[in-house]
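For reference, the structure is listed below as structure tokens.
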Amino acid sequence: MIKITFPDQSVREYNLGSSPMDIAKALSNSLAKEIVAATVNGEKWDVCRPITTNASIKLHKFDDEAGKHAFWHSSAHLLAEAIEALYPGTKFGIGPAIDNGFYYDIDLGETVITDKDFLAIEKKMAELAARKSVYNRRDISKADALDFFTKKGDEYKTELINDLEDGTITLYTHGNFTDLCRGPHLADTSLIKAVKILNIAGAYWRGDEKRKQLTRVYGITFPKQQMLEEYLVLLEEAKARDHRKIGKELGLFAFSARVGQGLPLWLPKGTILRQQLENFLKRVQHAYGYQQVMTPHIGQKELYVTSGHYAKYGKDSFQPIHTPCEGEEFLLKPMNCPHHCEIYNNEPHSYRELPIRLAEFGTVYRYEQSGELHGLTRVRGFTQDDAHIFCTPDQLKDEFKKVMDIIFIIFKALEFKEFTAQISLRDPNNKEKYIGSDENWDKAERAIIEATQEKGLKTVVELGEAAFYGPKLDFMIKDAIGRKWQLGTIQVDYNLPERFELEYTGEDNQKHRPVMIHRAPFGSMERFVAVLIEHTAGKFPLWLAPEQVVILPISEKFNDYAKKVLNLLNNYDIRTSIDDRNEKIGKKIRDNELKRIPYILVVGEKEEHSETIAVRKQGEGDKGSMTVNDFAEFINTEIKKQTKIAEENK
RNA sequence: GCCGAUGUAGCUCAGUUGGCCAGAGCAGUUGAUUUGUAAUCAACUGGUCGGGGGUUCGAAUCCCUCCAUCGGCUCCA
């Protein structure tokens with residue numbers, strides 16, 4: 001007998017060699033049907049693998065991460081079996097589970113598969129799944145494993161095996177397919193009830209762009225058909241929210257092949273939206289003691305040699321601009337910090353002046369490979385909501401907390417309710433990789449950790465993820481349909497103050513080096529607007545909406561009254577227009593609802609007589625009538641409510 | 001940059017194996033209608049079929065090349 005400890009610390013006895021599945025069955029048959037993986041003594045375990053010692057156990061269903069992982073990993077094997085059946089001779093790379101499904105990297109030789117082949121693959125997978133093939137685990141010696149895959153002609157597998165240690169190698173076989181794999185896997189394939197091949201793409205073998213490109217087939221599977229359908233609905237929803245689509249529909253931004261790829265053009269409406277965001281942030285930052293500055297879009301090559309960026313990125317970036325006569329060399333600015341350092345250096349500073357906080361909506365240009373560009377989220381020219389704080393090492397923690405306050409204000413104003421942060425620290429075993437003294441690093445890392453704790457922020461700590469010049473804190477938000485996006489960042493920098501020889505005079509009348517903090521709550525205006533569009537599906541909060549109100553006269557006869565209403569609202573700085581097209585009211589309502597204008601005002605005979613308007617809220621329908629002044633007051637109060645947070649938290 | 005896919009009117013898309021002046025809906029213009037809470041009717045305008053080159057009696061359709069976009073990979077100060 002063996003003693004099994006459950007997560008609630010209860011202990012039960014089972015026969016020697018019982019598998020997690022046996023244990024689950026002993027608990028309840030319905031539970032057993034849902035178990036897809038197990039953790040035994042902290043190790044991921046196949047549900048059918050015998051347990052031979054006393055152990056702690058945790059059973060995983062599909063609804064937890066470990067369960068999904070095993071389910072999708074098993075599905076990747078099933079995909080491989082289907083591929084091998086349909087395309088004999090295919091060579092296999094790796095096939096892991098990912099956040100949403102799984103993939104398998106395959107080498108099809110001369111064969112090319114396209115999305116037209118997906119259906120056949122799905123059918124084959126479903127057919128193979130229904131055979132209820134058991135996943136069998138087998139320990140194997142390195143020599144035997146090499147022999148097996150050499151005979152099979154899978155050179156990718158033999159390469160992988162060569163990197164493994166003898167005695168740690170296991171194979172899994174189900175049906176006609178055997179794979180090198182660590183596991184764990186499902187009991188059998190029959191749990192996989194719903195299959196969808198999502199897309200295919202090229203992927204370099206082992207992520208190395210110098211090596212062969214394999215075909216990566218992405219798929220997802222579920223234990224219930226309905227779950228697949230729900231997932232497909234979510235994908236549709238994500239597609240409907242795509243910022244590239246909505247940005248086009250709402251006339252926010254555009255791209256022109258003639259201007260150049262990755263260079264967004266902000267259209268009038270998108271510009272209003274962006275300016276609202278900028279003004280809001282400027283107000284918040286003003287309240288927090290920031291000073292606004294402006295710097296040129298180019299800088300002498302020398303500036304970036306000083307900053308060190310030229311050495312690091314010079315060759316792989318936009319090439320220098322040369323002046324025709326003097327032979328000067330300028331670079332498009334890839335970041336604002338060197339310019340801000342020179343502003344700091346413009347005059348000597350006393351410790352009494354610190355912290356100095358310089359803010360700029362600075363447009364920067366970075367060369368991105370053409371294939372990396374994506375809508376507004378990855379572009380070649382973009383504007384950072386940048387600021388640099390120059391402070392003493394002792395002020396670091398307090399400044400960090402203040403920056404976090406600003407980020408919280410923004411997240412609140414934009415209704416990002418769920419967010420987490422990642423603290424990136426240096427690799428404690430490789431301290432020499434980093435610039436700056438041990439003492440300062442310790443101080444900075446402690447400051448970040450304490451600041452996040454004091455603010456009650458949910459964080460994960462990643463060792464070795466810090467930049468060479470300092471630790472950082474990155475914010476991750478969850479949008480309205482549960483997707484995660486990385487937004488703002490706060491970074492400590494010991495490097496640039498050194499390189500630019502920044503100084504301040506301390507209390508002791510000696511020169512000291514300030515610490516620099518880079519921070520961008522939005523990240524970039526482009527990326528942030530993209531996330532905001534996908535979060536809101538283009539239904540922006542009132543204060544951000546490029547068009548806040550539209551007035552719809554019932555017929556031409558009421559155009560004059562509509563103009564009167566328009567003038568009144570314009571006096572209140574409410575962004576209003578009239579839709580005086582010769583169309584029926586129903587048509588006008590539909591069109592303006594689709595434009596996601598927050599308020600629609602209908603005016604006709606009734607309203608003209610009573611000096612009122614009929615109010616309709618986007619997505620909610622008729623709200624009854626009120627006087628124009630009452631409406632204007634109402635709108636202003638709403639906007640103040642949405643944006644007042646800056647004043648409150650000063 | 002690499003692999004694969006796509007590119008037809010301002011937008012969304014039809015155009016079977018090469019074959020009459022390249023089509024539809026929406027948008028736009030004009031006219032009729034003067035409208036009460038998610039699409040009034042009609043006429044009209046609008047296209048070097050991504051650019052260039054080639055094959056052919058004939059190319060949106062086949063081939064080459066370039067450009068852009070999309071899905072990934074690699075990259076992201």
Side-chain angles (χ1 to χ4, degrees), chain A residues 98 103 105 107-108 112-116 198-218 239 242 244-245 248-249 251 254-262 304 307-314 316-317 333-338 364-375 377-380 382 384 467-469 472 486 489 491 493 495-496 518 523-524 527 552-559 580-595 600-607 614-625:
Chain A
I98 51 177
Y103 66 78
D105 283 346
D107 182 350
L108 288 152
V112 173
I113 60 172
T114 69
D115 50 8
K116 290 172 194 72
L198 295 168
N199 52 37
I200 46 171
Y204 300 110
W205 171 233
R206 308 193 99 176
D208 184 344
E209 63 183 312
K210 289 185 186 64
R211 304 200 61 179
K212 186 165 183 183
Q213 198 154 36
L214 307 180
T215 304
R216 178 166 297 180
V217 182
Y218 286 87
K239 219 167 149 191
D242 191 317
R244 294 165 299 188
K245 178 172 173 278
K248 193 185 260 186
E249 280 170 11
F255 290 91
S256 149
R258 202 171 275 164
V259 171
Q261 54 177 346
Y304 303 104
S307 73
H309 293 110
Y310 187 79
K312 194 150 190 220
Y313 297 99
D316 307 319
S317 186
K333 79 170 168 190
M335 74 273 302
N336 304 297
C337 3
V364 297
Y365 300 89
R366 295 178 186 179
Y367 169 74
E368 306 283 3
Q369 296 187 72
S370 59
E372 297 160 355
L373 302 168
H374 179 93
T377 58
R378 198 75 192 275
V379 289
R380 282 178 170 172
F382 58 96
Q384 295 178 307
F468 74 93
Y469 51 78
K472 62 178 180 173
Q486 201 204 309
T489 171
Q491 305 193 1
D493 188 345
N495 181 41
L496 287 182
H518 309 253
S524 81
R527 187 175 161 78
L552 312 187
I554 296 275
S555 81
E556 272 176 7
K557 288 186 249 170
F558 310 106
N559 283 355
D580 59 1
R581 290 174 305 159
N582 183 3
E583 291 288 353
K584 292 174 81 167
I585 194 70
K587 164 81 162 167
K588 291 205 235 185
I589 285 169
R590 177 184 158 77
D591 288 351
N592 287 291
E593 284 275 347
L594 290 175
K595 282 160 83 178
I600 292 174
L601 306 182
V602 176
V603 296
E605 196 175 357
K606 260 189 297 185
E607 287 74 21
V615 180
R616 203 189 142 95
K617 192 169 179 188
Q618 205 279 333
E620 295 181 22
D622 201 344
K623 291 283 174 193
S625 59

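Worth knowing before you read on, the calculation uses all heavy atoms, side chains too, and leaves out hydrogens, waters and symmetry mates. The sequence lines fix the lettering, A, B, ..., with proteins before strands; numbering per chain opens at 1.
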Once you apply a heavy-atom cut-off of 4.0 Å, does A:A614 come out as touching a base, just sugar-phosphate, or nothing? base
Rounded off to whole Å, could you give me the CD1-to-C1' distance for the A:I113 and B:G71 pair? 13 Å
Could you tell me the separation between the CG atom of A:D591 and the C1' atom of B:G28, rounded to a whole number of Å? 13 Å
Please give the distance between the P atoms of B:C3 and B:U74 as a whole number of Å. 16 Å
Is A:R366 close to A:R380 at the side-chain level, that is, under 4.5 Å between some pair of heavy atoms? no
Quick one: are A:L601 and A:V615 in side-chain contact, heavy atoms under 4.5 Å? yes
B:C66 to B:G72 separation - C1' atoms, rounded to the nearest Å: 23 Å
Quick one: on RNA chain B, does A:Y204 or A:G260 contact a more 5' nucleotide (nearest heavy atom)? A:Y204
Answer with yes or no whether A:Q261 presents, from its side chain, a donor or acceptor under 3.5 Å of a partner atom in the base of B:A68. no
Please give the nucleotide sitting opposite B:A22 as a Watson-Crick or G-U wobble pair, both distances under 3.5 Å, or none. none
Mind checking if A:A201 touches a base, just sugar-phosphate, or nothing, with heavy atoms under 4.0 Å? base
Checking base pairs now: Watson-Crick or wobble, both atom distances under 3.5 Å. What partners B:A5? B:U69
Using the C1' atoms only, state how far B:C64 lies from B:A77, rounded to an integer number of Å. 40 Å
Does A:R206 come within less than 4.0 Å of A:D208, counting only side-chain N to carboxylate O? no
Presence of donor-acceptor pair under 3.5 Å, side chain of A:Q213 and base of B:C2: yes
For B:A60, which nucleotide is its Watson-Crick or G-U wobble mate, given both distances must be under 3.5 Å? none
Touch class at under 4.0 angstrom, heavy-atom based, for A:I554 against every strand present: base
Under 3.5 Å, is there an N or O donor on one side and an acceptor on the other linking the side chain of A:E607 and the base of B:G36? yes
Between B:U35 and A:K557, is there an OP1 or OP2 to side-chain N/O distance shorter than 4.0 Å? yes
Ignoring hydrogens and angles, answer whether the base of B:A38 and the side-chain atoms of A:R616 contain a donor-acceptor pair closer than 3.5 Å. yes
Taking atom P in both B:A39 and B:A43, what distance in whole Å separates the two? 22 Å
Classify A:E249 by what it touches in the nucleic acid, base, sugar-phosphate, or nothing, heavy-atom distance under 4.0 Å. nothing
Can you tell me, in whole Å, how much space there is between the P of B:A24 and that of B:C63? 29 Å
Under 4.0 Å, counting only non-hydrogen atoms across every strand here, what does A:G586 touch: a base, just sugar-phosphate, or nothing? sugar-phosphate
Record whether the side chain of A:Y367 comes under 3.5 Å of the base of B:G1 through a donor-acceptor pair of N or O atoms. no
To the nearest angstrom, how far is A:D105 atom CG from B:G4 atom C1'? 14 Å
Given B:A68, B:G71, B:G36, identify the nucleotide with an atom nearest to the side chain of A:H374. B:G71
Starting at OG of A:S307, measure out to CG of A:N495 and round the result to the nearest 0.5 Å. 8.5 Å
By the 4.0 Å heavy-atom rule, please label A:K606 as base, sugar-phosphate, or nothing. base
If you measure from the C1' atom in B:G18 to the same atom in B:U55, how many Å do you get, rounded? 12 Å
Tell me the interatomic distance from A:L373, atom CG, to B:C73, atom C1', rounded to whole angstroms. 15 Å
Tell me whether A:D622 is salt-bridged to A:K617, with the criterion being a basic N under 4.0 Å from an acidic carboxylate O. no
Let me know, please, whether A:R206 or A:E605 comes out on the 5' side of the other along RNA chain B by nearest nucleotide. A:E605
B:A38 C1' sits how many Å from A:Q618 CD, rounded? 11 Å
Any strand counts, and the cut-off is 3.5 Å on both contacts for Watson-Crick or G-U wobble. Which nucleotide pairs with B:C41? B:G31
Can we say A:R616 and A:E593 salt-bridge, meaning some charged N sits less than 4.0 Å from an Asp/Glu carboxylate O? yes
Can you tell me how far P of B:G71 sits from CG of A:L198, to the nearest Å? 14 Å
With both distances under 3.5 Å as the test, what is the Watson-Crick or G-U wobble partner of B:U74? none
Can you tell me if the side-chain N/O atoms of A:R244 get under 4.0 Å from OP1 or OP2 in B:G71? yes
Can you tell me if A:K248 touches the phosphate of B:U12, counting only side-chain N or O atoms and a distance under 4.0 Å to OP1 or OP2? yes
Quote, to the nearest angstrom, the P distance that separates B:U16 from B:G1. 32 Å
Validate the cation-pi geometry between A:R216 and A:Y103: distance from NZ or CZ to the six-membered ring centre under 6.0 Å, angle to the ring axis within 45°. yes
Given atom CZ of A:R581 and atom P of B:U29, what is their separation to the nearest angstrom? 10 Å
Give the rounded distance in Å between these two atoms: CG of A:D316 and P of B:G1. 14 Å
For B:G54 and B:C11, measure between their C1' atoms and round to the nearest Å. 33 Å
Under 4.0 Å, heavy atoms only, any strand: does A:G207 hit a base, just the sugar-phosphate, or nothing? sugar-phosphate
Has the side chain of A:R378 got a donor or acceptor that lies under 3.5 Å from a partner of the other kind on the base of B:C76? yes
Sugar-phosphate, base or nothing in reach of A:Y218, heavy atoms under 4.0 Å: sugar-phosphate
